[in-house]
Amino acid sequence: FWIPSGSMKDTLLIGDFLFVNKMAYGYSRVSCPFEMCPISGRILGSEPERGDVVVFRHPTRGDDFIKRVIGLPGDEVTVSADKVFINGKPIIQDSVGPYAGSDAESRMLERVGAVVRIEHLDGVDHRIIAIPGLGESRDGTWRVPQNCYFAMGDNRDNSRDSRYWGFVPEENIVGKAFFIWFNFSDLKRIGSFR
C-alpha cells in the first residue's frame, strides 16, 4: 500500500510504501485480491486494538484509507478542543513543541501554529499534529456501534476521518499496517512504526 496524503503525518508520510498484514484481523471480502472471496463478515478474525494503524475500505467511497483505531465497539468517543476522551477519560497527551518540517505542507503547518504532541493510547505512544482551535468545528461525541471502529488520522486537523464520515465496519478492514518498506524521498524511514 502507498500513502497518498498527509493525514497520518508524522507517523506516515506522503510517498511511504507499506507492508500490511492481512492475516492480523482475519479475512473479509476486502482482504482478498480484487474482492474475489465470497466471504460475508470476517473469518479467522481477531479484533483491532486501540492504537493500531489499519488499512480499510472507506465505507462510502470504496477506496483504501489508513488511520489509527481510536474507538472500539461500544466506546463513547468525545473530541473537544483538540483533546480526545474515551468513555469519559482523556487520552493523555504530552506537548513536544511547535511543528517543524521541510516540505510545503510542513511549512504551511508551521505558519498556522501547528504543535506536536505525544499521545499515550493504551500503551501505544505516537506523535500527533494539532492546530489549536482549527478542529473545533468537528468536535462531538460518538457512540461506536458493535462490529465497528472509530478511526482518526495522526495529523488531526488535516484528516478526513470518522469525525466526518462515520465508523469503519469490521468487514471493511483490510489489515494492520506495520512496516515502511520504501520512500522515494527518505530512505531513512524504512522500518517498523507504531
Side-chain angles (χ1 to χ4, degrees), residues 1-9 11-79 84-89 91 119 121-124 126 128 135 138-181 192-194:
F1 290 86
W2 173 70
I3 303 300
S5 76
S7 71
M8 285 295 291
K9 201 173 209 171
T11 304
L12 299 170
L13 302 180
I14 296 170
D16 283 347
F17 287 84
L18 305 174
F19 282 125
V20 173
N21 182 352
K22 291 185 176 185
M23 295 187 322
Y25 311 123
Y27 289 94
S28 70
R29 179 181 47 81
V30 299
S31 304
C32 296
F34 311 109
E35 297 186 27
M36 292 174 50
C37 298
I39 299 171
S40 176
R42 295 195 79 74
I43 59 169
L44 305 172
S46 63
E47 296 182 3
E49 296 179 11
R50 196 181 328 274
D52 286 355
V53 176
V54 298
V55 172
F56 58 91
R57 191 66 39 89
H58 190 280
T60 59
R61 293 175 37 176
D63 43 355
D64 291 332
F65 268 46
I66 186 165
K67 304 288 180 204
R68 188 175 299 277
V69 172
I70 301 293
L72 303 176
D75 282 346
E76 181 180 87
V77 179
T78 299
V79 180
V84 180
F85 300 81
I86 306 290
N87 301 320
K89 294 175 150 182
I91 297 176
E119 188 169 77
L121 186 60
D122 285 5
V124 177
H126 59 278
I128 64 165
R138 296 309 308 165
D139 285 358
T141 299
W142 297 264
R143 172 72 66 181
V144 184
Q146 290 303 310
N147 305 313
C148 290
Y149 297 88
F150 190 90
M152 295 177 74
D154 290 349
N155 189 352
R156 292 288 161 81
D157 300 314
N158 286 319
S159 175
R160 293 283 178 183
D161 50 37
S162 287
R163 296 171 290 174
Y164 290 84
W165 40 256
F167 307 104
V168 179
E170 70 176 8
E171 65 267 13
N172 286 33
I173 295 175
V174 174
K176 180 178 182 178
F178 71 98
F179 192 84
I180 301 168
W181 68 272
S192 59
F193 61 90
R194 288 190 79 165

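The analysis underlying the following values was restricted to heavy atoms, covering all of them including side chains, and did not include hydrogens, waters or symmetry mates. Predicted model only: the values in this text are computed from it and were never measured.
- Nearest heavy-atom pair across Trp165 and Arg160 is NE1-O, 3.4 Å.
- Annotation: side chain of Cys148 is not in contact with side chain of Pro73 (no heavy-atom distance under 4.5 Å).
- Of the charged side-chain nitrogens involved, none lies within less than 4.0 Å of a carboxylate oxygen, so that Lys9 and Asp154 do not count as a salt-bridged pair.
- Figure legend: cation-pi geometry between Arg138 and Tyr164, with NZ or CZ positioned under 6.0 Å from the six-membered ring centre and within 45° of its axis.
- The backbone N or O of Phe150 lies less than 3.5 Å from no partner atom in the side chain of Ser162, so there is not a single donor-acceptor pair.
- For the atom pair CD (Glu170) and CZ (Phe56), the distance works out to 14.5 Å, reported to the nearest 0.5 Å.
- Annotation for Gly153 and Met8: closest pair CA-SD, 3.6 Å, computed over non-hydrogen atoms.
- The CG atom of Asp122 sits 8.0 Å away from atom CD1 of Ile86, with the distance rounded to the nearest 0.5 Å.
- Note that CD1 of Ile14 and CG of Asp16 are 9.5 Å apart. Values are rounded to the nearest 0.5 Å.
- Using a cutoff of 4.0 Å between basic side-chain nitrogens and carboxylate oxygens, Asp64 and Arg57 are scored as salt-bridged.
- Taking 4.5 Å as the limit, some side-chain heavy atom of Leu121 sits within range of a side-chain heavy atom of His126.
- A salt bridge links Glu119 to Arg156: one of the charged nitrogens lies within less than 4.0 Å of a carboxylate oxygen.
- Contact record, Phe167 with Arg143: CZ-O, 3.3 Å, taken as the closest heavy-atom pair.
- Counting only heavy atoms from C-beta outward, the side chains of Leu18 and Ile66 approach each other to under 4.5 Å.
- The side chain to side chain donor-acceptor pair (under 3.5 Å) test applied to Asn21 returns no partner, not counting sequence neighbours.
- Contact annotation: the side chain of Glu47 approaches that of Tyr149 to within less than 4.5 Å [non-hydrogen atoms, C-beta and beyond].
- Here CG of Asp52 is found 12.5 Å from CZ of Phe178. Values are rounded to the nearest 0.5 Å.
- The distance from the CD atom of Glu76 to the CH2 atom of Trp142 is 11.0 Å, given to the nearest 0.5 Å.
- Of the possible donor and acceptor atoms, none in the side chain of Ser7 sits under 3.5 Å from a partner among the backbone N and O of Ser159.
- Within the 4.5 Å cutoff, no side-chain heavy atoms of Val77 are placed close to those of Thr141.
- Every residue two or more places apart in sequence or in another chain was checked for a side chain to side chain donor-acceptor pair (under 3.5 Å) with Ser46, and none qualifies.
- Here the side chains of Val79 and Met152 are in contact, with some heavy-atom distance below 4.5 Å.
- A side-chain donor-acceptor contact under 3.5 Å links Arg50 to the backbone of Ile70.
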Starting from the C-alpha separation in whole Å, work towards a yes-or-no answer on side chain to side chain contact (heavy atoms under 4.5 Å, CB included) for Val174 and Lys22.
CA-CA 6 Å; Val174 174; Lys22 291 185 176 185; 3.8 Å; yes
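- With contacts defined as side-chain heavy-atom distances shorter than 4.5 Å, the pair Lys89/Asn87 does not qualify.
- The backbone N or O of Gly51 sits less than 3.5 Å from a side-chain atom of Arg68, completing a donor-acceptor pair.
- Residues Leu12 and Ile180 meet the side-chain proximity criterion, which asks for heavy atoms closer than 4.5 Å.
- Ionic pairing of Lys67 and Asp161 is not present here: no N-O contact between side-chain nitrogen and carboxylate oxygen is shorter than 4.0 angstrom.
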